[in-house]
Engineer: 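Here it is: the structure, laid out below.
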Amino acid sequence: MALGLLMVCSVAACGKKEEAETTQAPTTAEETAAGTSETEMAGADETAGEGETVPNPEMPEYVSAFDLGDISDYVELGEYKGLEVTAMDTEVTDEDVEEELQSQVEKAEPVYEEVTEGTVADGDVANIDFEGRMDGEVFQGGTGTDFNLTIGSGQFIGGFEDGLIGKAIGETVVLDLNFPEDYTVNPDFSGKPVEFTVKINYVRGEEIPNKLDDAFVERYTDGEYKTVEDYRAYTKTTMAENKAEDARVGKINSAWEKVEENATFKKEAEELIQYNYDSQMYQAESMVAMYGITMESYLSSIERTEEEFQSEIRDYAEQSARWQLLVRAVVEAEGLEPTDEEYESGVERVAGEIGSTAEELKANYSEAMLRDILRQEAVQDFLEETAIEVPAEE
C-alpha cells in the first residue's frame, strides 16, 4: 500500500518540530518488515554499560517533495486517470458467515466449570480476589480481583500459594508473609512484612466445550448480543463492510501501482531520499535509545548486519521518494492543493481520527508535513473516483 505507507510515515515521529520524547517505540518501515516486537526489544541481551547512556539521535529537518524545483525535472506522469483495475469480490455468503462464526468458537477462550465446594489442592487453578497491605496501607500492585492462580506455580511470593492449600472454597484467608530478601521486582519491598487478605471464589473444574449457542454469544460479546440469530446478522453486516473497505483500498492501491508503472522517472530526488533515510534511521535510533540498548544489539535481535540494515533503509527511502514525487505530480496536474480553509478543516479531521486536537497536531508537526498528509489523501480520493473497476473475468 504505497500511499498508505506514506501516511504511516507521516503520522509517525519523522517530522516533529521538536525532539520527540522517547516514551514508546515509533512505528518504522524497517521495524515492521523485520517483525521486531517491543517484547523482543525489551529482551535484547546487550544494554549500555553501567553509567553509560545511549545518546538521543538528532531529528532531521522535514523535507517535502513540494520543496523541490520543477517537478518535471524528476518525473513525468503517464496515464494516471481512468485507469482500469480489477474489481474485488465483495459478496459475503451464508457459508462465509458460518465459517467465521465457527472460527470464533474454535479460537475463543476455554470455559470451565466453577467448583464452589471442597478445599483447594496443590495444582488447582483457584479464582481469587486479594488485597495486600504493608504497614496497614494498600500498596500499588498488591491488589487483584477475579484472578486465576495456579497453586504451586510460584507466581506469587513464597507462602502465598501454600497458604491457600487445604482452605475451603469460598473462605476468606489472611496470610501474614514477608517479601523475599532480594525481591528484584521491586527492591524497595525486599524483606518487608506484608499481609494479604484472599477470598477464594472458586476452583476451576472441567472444561466446558465451546459451541455456537446463545450462551456462547452472550459470553463472547460481553452481553452485547444475546442470541445466535442477532450475532449472525451482525457478523454478516460487519464482514460485508470489511470486504467493501478492502475493495475500496484495493482499488486505490491497484490504480496507484499503475500510476507508478506508467510514470517516467528522470532523476533521483537526492535531497528527499536523504531525508527519508535520515528519518527512518532517527526512528530506529530513538527506539534503541529508549530501551537503553546498543544499535549492535538491536541489529542482532532482527538478524541484520549494519550493511543489510542500511541497505534496506536506503531502498525504502528511494521508493518513498518516488511515491512522494508522484503525489506532487498528480496534485499539480489536477489542482488538488488544499486551500487554507481545507487545510484547517483537514487538520481538525485528522486530529480527531488519531485522538488528538488540531492545536496539538500543529504544535508537534510542521505545516509542510500536515499539508503533505492532506495532499496524499486528496490523491487517494482522486484515484478512487477516477479508476474504473473491471470484473476479474474480463
Side-chain angles (χ1 to χ4, degrees), residues 23-25 37-44 101 103-226 231 290-291 355:
T23 55
Q24 62 181 22
S37 68
E38 290 191 20
T39 302
E40 290 170 325
M41 283 297 302
L101 292 174
S103 175
Q104 292 179 13
V105 170
E106 292 170 6
K107 294 177 181 177
E109 289 290 327
V111 179
Y112 300 89
E113 294 178 350
E114 296 181 4
V115 178
T116 56
E117 296 181 349
T119 58
V120 177
D122 190 18
D124 281 347
V125 177
N127 182 276
I128 62 172
D129 301 333
F130 61 92
E131 181 181 77
R133 291 177 177 271
M134 284 194 298
D135 299 324
E137 299 292 332
V138 176
F139 58 93
Q140 185 176 2
T143 302
T145 59
D146 197 31
F147 187 89
N148 290 318
L149 173 64
T150 300
I151 306 301
S153 64
Q155 188 173 354
F156 280 31
I157 64 172
F160 189 104
E161 295 163 31
D162 289 343
L164 301 182
I165 295 175
K167 297 299 189 292
I169 300 172
E171 183 180 350
T172 297
V173 181
V174 177
L175 304 173
D176 291 314
L177 306 172
N178 287 84
F179 280 102
E181 290 297 332
D182 185 17
Y183 189 56
T184 57
V185 176
N186 188 337
D188 291 339
F189 291 176
S190 295
K192 288 189 175 181
V194 59
E195 178 186 271
F196 283 102
T197 301
V198 186
K199 169 70 184 307
I200 306 170
N201 298 318
Y202 60 87
V203 167
R204 181 185 290 176
E206 296 294 323
E207 181 176 347
I208 303 173
N210 281 319
K211 61 180 179 179
L212 187 60
D213 56 16
D214 292 347
F216 170 81
V217 166
E218 186 167 5
R219 182 174 66 251
Y220 189 74
T221 66
D222 290 329
E224 185 174 355
Y225 294 91
K226 300 185 184 300
Y231 188 58
M290 179 188 71
Y291 284 108

Engineer: Hey, could you give me the CD/NZ distance between E171 and K199, rounded to the nearest 0.5 Å?
Structural biologist: 10.5 Å
Engineer: Scan T197, N201, T172 and name whichever one has a side-chain hydrogen bond (donor to acceptor under 3.5 Å, both in side chains) with D129.
Structural biologist: N201
Engineer: Please report, to 0.1 Å, the donor-acceptor pairs under 3.5 Å made by any side chain of residues 139-156, with sequence neighbours excluded.
Structural biologist:
| unit_1 | atom_1 | unit_2 | atom_2 | d |
| --- | --- | --- | --- | --- |
| D146 | OD1 | N127 | ND2 | 2.7 |
| N148 | OD1 | N127 | ND2 | 3.0 |
| S153 | OG | T150 | O | 2.8 |
| S153 | OG | Q155 | N | 3.3 |

Engineer: What are the two closest heavy atoms between I165 and D122, and how far apart are they?
Structural biologist: CD1-CB, 4.1 Å
Engineer: Would you please classify the geometry between the Y225 ring and the Y231 ring as parallel, tilted or perpendicular, with 30° and 60° separating the classes?
Structural biologist: tilted
Engineer: If you compare all heavy atoms of I169 against all heavy atoms of Y202, which two are closest, and at what distance to 0.1 Å?
Structural biologist: CG2-CA, 3.7 Å
Engineer: Taking the side chain as every heavy atom from C-beta outward, state whether I128 and F196 have any atom pair closer than 4.5 Å.
Structural biologist: no
Engineer: What pair of heavy atoms forms the shortest contact from Y112 to G205, and how long is it?
Structural biologist: CD2-O, 3.5 Å
Engineer: Starting at CD1 of I157, measure out to CZ of F189 and round the result to the nearest 0.5 Å.
Structural biologist: 10.5 Å
Engineer: Ignoring hydrogens and angles, write down the donor-acceptor pairs under 3.5 Å from the side chains of residues 175-188, residues two or more places apart or on other chains.
Structural biologist:
| unit_1 | atom_1 | unit_2 | atom_2 | d |
| --- | --- | --- | --- | --- |
| N186 | OD1 | D188 | N | 3.1 |

Engineer: Within the distance-only criterion (no hydrogens, no angle test), does the side chain of N210 pair as donor or acceptor with the backbone N or O of V111 below 3.5 angstrom?
Structural biologist: no
Engineer: Drop me the distance from F216's CZ to T221's OG1, to the nearest 0.5 angstrom.
Structural biologist: 9.0 Å
Engineer: Flag yes if more than 12 heavy atoms outside E207 fall under 6.0 Å of its CD atom; otherwise flag no.
Structural biologist: yes
Engineer: Quick one: are L164 and D124 in side-chain contact, heavy atoms under 4.5 Å?
Structural biologist: no
